[in-house]
Amino acid sequence: MLTITFGEPAFDWAFAIQATGLVLSLLTTLIAFQVWRVAGKIRNLDWIKVQNEAWNAYNALKLTSENEAHFRAIDNLVCGRDVPKEILETYAVRAVMFSRMNIMERDFRALLYKLVRNYDGFYLVNEIRESGQNARIIINFLVKSGYDPMFVMFYRRVAREFADKPRLTTMDVDAMAILQTVRRDNEHRRTNDHLEVPEGVPI
């Protein structure tokens, strides 16, 4: 027997529920992605604000006449100029050095924890490049002063990239690749780059 049915076909509720669920899932993913992007920008701006405040405080102290000689000594050290070997034996100069290195270590941690974009690390890499012949003094100061071994390793490996290569620029060095090797080697305890560098031993 042939049966002919007139009228609209039955509504597929199962399909409608599945389609609605898919749309809601996509919207949730999109919203989560946008929140992640905004949060990343906020973290970046917060880091920039903190670093700017740190540099402003550092420079404010630098402008006072009683501190001028101590800051000038550190400027000479971190800029790779000729300095006496005993430069960091003076208490006041060491205090300035701590302030300068603390700012640099925060730059390093911002890269390590991905609080900033890769190109924000160029300043840190350039600071290390500038230290040139004085990198050994700075590395040994970091080791003796209890800084994060990973920061010491990063400083030493970046300095090693620039050693005896005056034409190399910050753009030629992949800071993030070095950071990955530092993280990996530190995790597996397979390096001595976190230790002092004796005289006569290459960086």
Side-chain angles (χ1 to χ4, degrees), residues 40 42-62 67 70-81 83 87-163 170 173-197 203:
I42 291 173
R43 286 196 303 270
N44 184 261
L45 290 174
D46 285 344
W47 173 78
I48 291 172
K49 178 183 177 183
V50 169
Q51 287 301 81
N52 283 340
E53 289 174 350
W55 276 115
N56 288 338
Y58 182 88
N59 289 328
L61 288 172
K62 192 175 185 178
N67 295 325
H70 308 137
F71 279 88
R72 191 180 301 279
I74 294 303
D75 282 347
N76 289 335
L77 176 64
V78 299
C79 291
R81 303 184 188 112
V83 296
I87 184 173
L88 294 173
E89 292 180 5
T90 305
Y91 179 81
V93 175
R94 286 179 63 84
V96 175
M97 185 65 170
F98 271 113
S99 297
R100 184 73 174 251
M101 291 300 107
N102 288 347
I103 294 174
M104 291 182 67
E105 188 182 30
R106 280 198 296 271
D107 283 333
F108 166 75
R109 289 186 179 277
L111 286 176
L112 181 66
Y113 300 131
K114 299 181 179 179
L115 300 179
V116 295
R117 295 177 290 272
N118 295 1
Y119 56 79
D120 289 314
F122 287 159
Y123 175 78
L124 175 59
V125 172
N126 190 60
E127 279 272 285
I128 299 173
R129 182 182 70 84
E130 289 289 324
S131 65
Q133 63 179 350
N134 297 330
R136 183 190 312 274
I137 298 174
I138 296 172
I139 291 167
N140 290 343
F141 170 82
L142 295 174
V143 174
K144 293 175 183 177
S145 302
Y147 281 87
D148 184 345
M150 292 180 68
F151 176 45
V152 178
M153 291 163 60
F154 181 80
Y155 196 108
R156 184 173 180 178
R157 292 184 181 188
V158 172
R160 186 182 295 155
E161 289 288 326
F162 290 110
T170 55
V173 174
D174 188 347
M176 297 310 292
I178 294 174
L179 191 60
Q180 290 173 3
T181 65
V182 165
R183 193 196 304 267
R184 184 175 60 249
D185 291 348
N186 180 71
E187 181 180 348
H188 296 288
R189 301 291 190 272
R190 58 187 182 194
T191 180
N192 289 324
D193 282 352
H194 61 294
L195 302 178
E196 288 186 59
V197 188
I203 290 177

Verdict with reasoning, Val173 to Ile178, per side chain to side chain contact (heavy atoms under 4.5 Å, CB included): CA-CA 9 Å; Val173 174; Ile178 294 174; 3.6 Å; yes

So, taking the atom named CG in Asn52 and the one named NZ in Lys49, what distance separates them when rounded to the nearest 0.5 Å? 10.5 Å

Rounded to the nearest 0.5 Å, how far does CG of Asn140 lie from CZ of Arg156? 8.5 Å

What pairs with Leu195 under side chain to side chain contact (heavy atoms under 4.5 Å, CB included), at least two apart in sequence or on another chain? Asn192

His188 vs Arg184, side chain to side chain contact (heavy atoms under 4.5 Å, CB included): CA-CA, chis, key distance, verdict: CA-CA 6 Å; His188 296 288; Arg184 184 175 60 249; 3.8 Å; yes

Among residues at least two apart in sequence or on other chains, which ones pass side chain to side chain donor-acceptor pair (under 3.5 Å) with Gln133? Asp82

Using the side chain to side chain contact (heavy atoms under 4.5 Å, CB included) rule, take Asn67 and Val96 through it: C-alpha gap first, then chi angles, then the decisive distance, then the call. CA-CA 9 Å; Asn67 295 325; Val96 175; 5.9 Å; no

Partners of Arg189 by salt bridge (Lys or Arg N to Asp or Glu O under 4.0 Å), sequence neighbours excluded? none

What is the distance from atom CZ of Arg94 to atom CD1 of Ile74, rounded to the nearest 0.5 Å? 9.5 Å

Say you draw a straight line from CG of Leu77 to CD1 of Ile87; how long is it, rounded to the nearest 0.5 Å? 5.0 Å

Is it the case that atom CZ in Arg81 sees more than 12 heavy atoms from other parts of the structure closer than 6.0 Å? yes

Residue list, side chain to side chain donor-acceptor pair (under 3.5 Å) with Thr170, at least two apart or on another chain: none

Quick one: CZ on Phe108 to CD1 on Ile128, what's the gap to the nearest 0.5 Å? 9.5 Å

Residue set satisfying salt bridge (Lys or Arg N to Asp or Glu O under 4.0 Å) with Arg160, at least two apart, ordered chain then number -> Asp193

Okay, side chain of Asn59, backbone of Trp55: is any donor-acceptor separation there less than 3.5 Å? yes

Acceptor/donor pairs from residues 144-154 side chains to any protein atom, 3.5 angstrom cut, sequence neighbours excluded:
{"residue": "Ser145", "atom": "OG", "partner": "Phe141", "partner atom": "O", "Å": "2.7"}
{"residue": "Tyr147", "atom": "OH", "partner": "Phe98", "partner atom": "O", "Å": "3.3"}
{"residue": "Tyr147", "atom": "OH", "partner": "Asn102", "partner atom": "OD1", "Å": "2.8"}
{"residue": "Asp148", "atom": "OD1", "partner": "Met150", "partner atom": "N", "Å": "2.9"}
{"residue": "Asp148", "atom": "OD2", "partner": "Arg109", "partner atom": "NH2", "Å": "3.2"}

Across all chains, not counting sequence neighbours, the salt bridge (Lys or Arg N to Asp or Glu O under 4.0 Å) partners of Arg100 are Asp75, Glu127

Side chain to side chain donor-acceptor pair (under 3.5 Å) partners of Thr181, counting only residues at least two apart: Arg157

Show the numbers, then the answer: is there a side chain to side chain contact (heavy atoms under 4.5 Å, CB included) between Asn134 and Val78? CA-CA 7 Å; Asn134 297 330; Val78 299; over 6 Å; no

I need the Ser131 OG to Phe162 CZ distance, nearest 0.5 Å. 9.5 Å

Sequence neighbours excluded, the answer for side chain to side chain donor-acceptor pair (under 3.5 Å) partners of Tyr91 is none

